[in-house]
Each structure stands twice: as structure tokens, then as C-alpha cells.
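One structure is given here, and the rest of the page talks about it.
This structure is a prediction, so every number in the text was calculated from the model and none was measured.
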Amino acid sequence: MSATRCWLVKSEPGAFSFDDLLAAPKKTTSWNGVRNYLARNYMRDLMKKGDKVLFYHSNADPTAIVGVAEVAREAYPDPEQFDPKSEYHDPKSKKDAPTWMMVDIKAVKKLKHPLTLAELKGTKGLEKMVLLQKGSRLSVQPVTPAEFDVIVAAASTARSPAR
DNA sequence: GCCAACGTTGGC
DNA sequence: GCCAACGTTGGC
């Protein structure tokens, strides 16, 4: 069997939080608006139905991985690229050869203990995680299965003592 | 093809 | 609000 890939997506909770995803119909949303080629390539070429997805809150207080989701539908064209009124409109994209693709993401579970960026930085086994690399801005990024397991395990055990 | 200027992301 | 890092654009 081919190994299930793991991913991490970023969202600003003020725009779309994990709770928003849990409240969405079928706990599912289309991951539209990604306008970065590398992130697009991951979605278009590599994300498969059932792949696990970590949900990260950026520009938040605190910034943290807050939930687990999965790929519910594989890549299809993002309709907003063709909508002149959308902030994601791309006049250069052609209908018969769409530039931008998206997948559907479905919530699986909220983490009992969100893992903050600070905690992630102090967790053994995550030293090479893309999210923790300096200047890493990718909104859709790969996570190794080992990293995924470390994160889920850390989120299910007691929160690090605050005092 | 190079690279400077600009816009955006995202932590702090 | 600041600023470092990155991606994209466009002149040449």
C-alpha cells in the first residue's frame, strides 16, 4: 500500500478557524484562494483523498496546531480565479487550463491540547518540520508521517506545565 | 536571464 | 506596528 501522506495547512482564525470548519456543512470546506505555485502543486499533484491534514492557526494568539482534518476531495479548479469580483480573481487563468486548483478539507477532530508554535519548537523529532524552518511561509506544506505521529501524541498527553 | 523593486506573509 | 524572509513582476 502507498503510505498516506500528511500535510499542514495554515489559516488565520479571524478569516477561517478550525471551529468554522467543524461548523461547516459536512464539516467540509473547499480550500480555495491558494495563489502560490508550490502549494498549488502539492494540492494538484500529491494530495489524495484520506490524507491527514494538520490545521494550523497563523496570525493568532497563540499560533498553534489546533486540529486534524483530512482530504475529502482531490484537486479541482478553484472557481474564484474566474470571478472578476473575487479577490482571488486571476485574469491570466484560462477556463480550459485553470491555473489554480484546490482540494476539499474535512474536519476529523479538534486537538485536546492545541500545540503552540513555541511547544512545537521544543518538541523532539520536529527539528526538520517545514513549519519551523526560518522564513517558511507556505500555506500548504508536507509533513512526514513521523512528524504527524509526534504531534498527535504530544497533543493527546498533558499540556506542558505552565507553572 | 539577471536582479532591483515591490507586495505579502506571519512571528513578535 | 515592525520587520525579516520570501515570491512575483518587469525593465533591461
Side-chain angles (χ1 to χ4, degrees), chain A residues 5-24 29-47 51-71 75-105 107 110-144 146-148 150-152 154-155 159-163:
Chain A
R5 293 176 188 272
C6 304
W7 307 94
L8 180 144
V9 297
K10 295 179 183 174
S11 185
E12 300 195 13
F16 192 86
S17 69
F18 192 73
D19 284 339
D20 291 334
L21 183 59
L22 285 170
T29 191
S30 57
W31 207 249
N32 68 326
V34 173
R35 293 296 179 266
N36 171 283
Y37 285 102
L38 187 49
R40 188 278 312 267
N41 291 348
Y42 287 142
M43 290 199 292
R44 184 190 62 189
D45 304 334
L46 297 175
M47 288 179 99
D51 281 4
K52 299 301 180 196
V53 180
L54 297 168
F55 198 103
Y56 176 79
H57 280 172
S58 62
N59 276 320
D61 187 17
T63 56
I65 293 173
V66 295
V68 176
E70 66 181 20
V71 176
Y76 59 108
D78 181 344
E80 291 203 44
Q81 65 194 306
F82 303 121
D83 180 357
K85 293 190 295 293
S86 169
E87 64 175 311
Y88 301 121
H89 181 228
D90 182 352
K92 285 180 295 197
S93 184
K94 307 244 175 28
K95 286 230 175 177
D96 55 356
T99 304
W100 304 111
M101 308 291 280
M102 63 185 185
V103 299
D104 283 357
I105 301 281
K110 196 169 177 171
L111 294 183
K112 232 199 268 179
H113 305 292
L115 286 175
T116 66
L117 187 59
E119 286 172 319
L120 292 168
K121 284 177 179 168
T123 300
K124 222 176 167 188
L126 301 182
E127 294 83 2
K128 292 188 177 164
M129 195 178 173
V130 175
L131 182 71
L132 303 183
Q133 305 312 306
K134 192 175 181 181
S136 173
R137 300 190 328 190
L138 263 183
S139 60
V140 176
Q141 52 183 249
V143 173
T144 68
E147 289 164 348
F148 185 88
V150 165
I151 287 162
V152 171
R159 174 185 291 280
S160 59
R163 56 190 69 98

### Message
Rounded to whole Å, please give me the gap between CG in Asn59(A) and C1' in dC2(C).
### Response
13 Å
#### Entry: Tyr76(A) ring center near Trp100(A) ring center (under 6.0 Å)
no
### Query
Whole-Å distance between dG10(B) C1' and Leu8(A) CG?
14 Å
## Note on the structure
Looking only at dG7(C), dA5(C), dC12(B), the nucleotide nearest the Leu117(A) side chain is dC12(B)
### Message
For Trp31(A) and Phe16(A), take the angle between the two ring planes, folded into 0 to 90°, and tell me which bin it lands in: parallel under 30, tilted 30 to 60, perpendicular over 60.
### Response
perpendicular
### Task
Classify the nucleic acid contact of Leu38(A) as base, sugar-phosphate or nothing, counting any heavy atom under 4.0 Å across all strands shown.
nothing
### Nearest-Å distance for atom pair CG/C1', residues Leu132(A) and dT9(B)
16 Å
### Phosphate-side-chain proximity, Tyr37(A) and dC6(C), N/O vs OP1/OP2 below 4.0 Å
no
### Query
Within 45 degrees of the axis of the six-membered ring of Phe82(A) and under 6.0 Å from its centre: does Lys95(A) put its NZ or CZ there?
yes
### Query
Starting at CZ of Arg137(A) and ending at C1' of dG10(B), how long is that distance when rounded to a whole Å?
8 Å
### Task
Would you please confirm or rule out a distance under 4.0 Å between OP1 or OP2 of dT8(C) and any side-chain N or O of Lys92(A)?
no
### Query
Counting just side-chain N and O atoms, does Lys121(A) come under 4.0 Å of either OP1 or OP2 of dC12(B)?
yes
### Query
Going by the angle between their ring planes, with limits at 30° and 60°, are Tyr42(A) and Trp7(A) parallel, tilted or perpendicular?
tilted
#### Entry: Whole-Å gap separating C1' (dG10(B)) and NZ (Lys134(A))
14 Å
### Message
Just the rounded figure in Å: distance from C1' of dC12(B) to CG of Leu120(A).
### Response
16 Å
### Query
Would you find more than 12 non-hydrogen atoms of other residues, nucleotides or ligands less than 6.0 Å from Asp61(A) atom CG?
no
### Message
Could you tell me how far apart Leu131(A) (CG) and dC6(C) (C1') are, to the nearest whole angstrom?
### Response
15 Å
### dT9(B) OP1/OP2 closer than 4.0 Å to side-chain N/O of Lys10(A)
no
### Task
Using whole Å, report how far CG of Asn36(A) lies from C1' of dG10(B).
14 Å
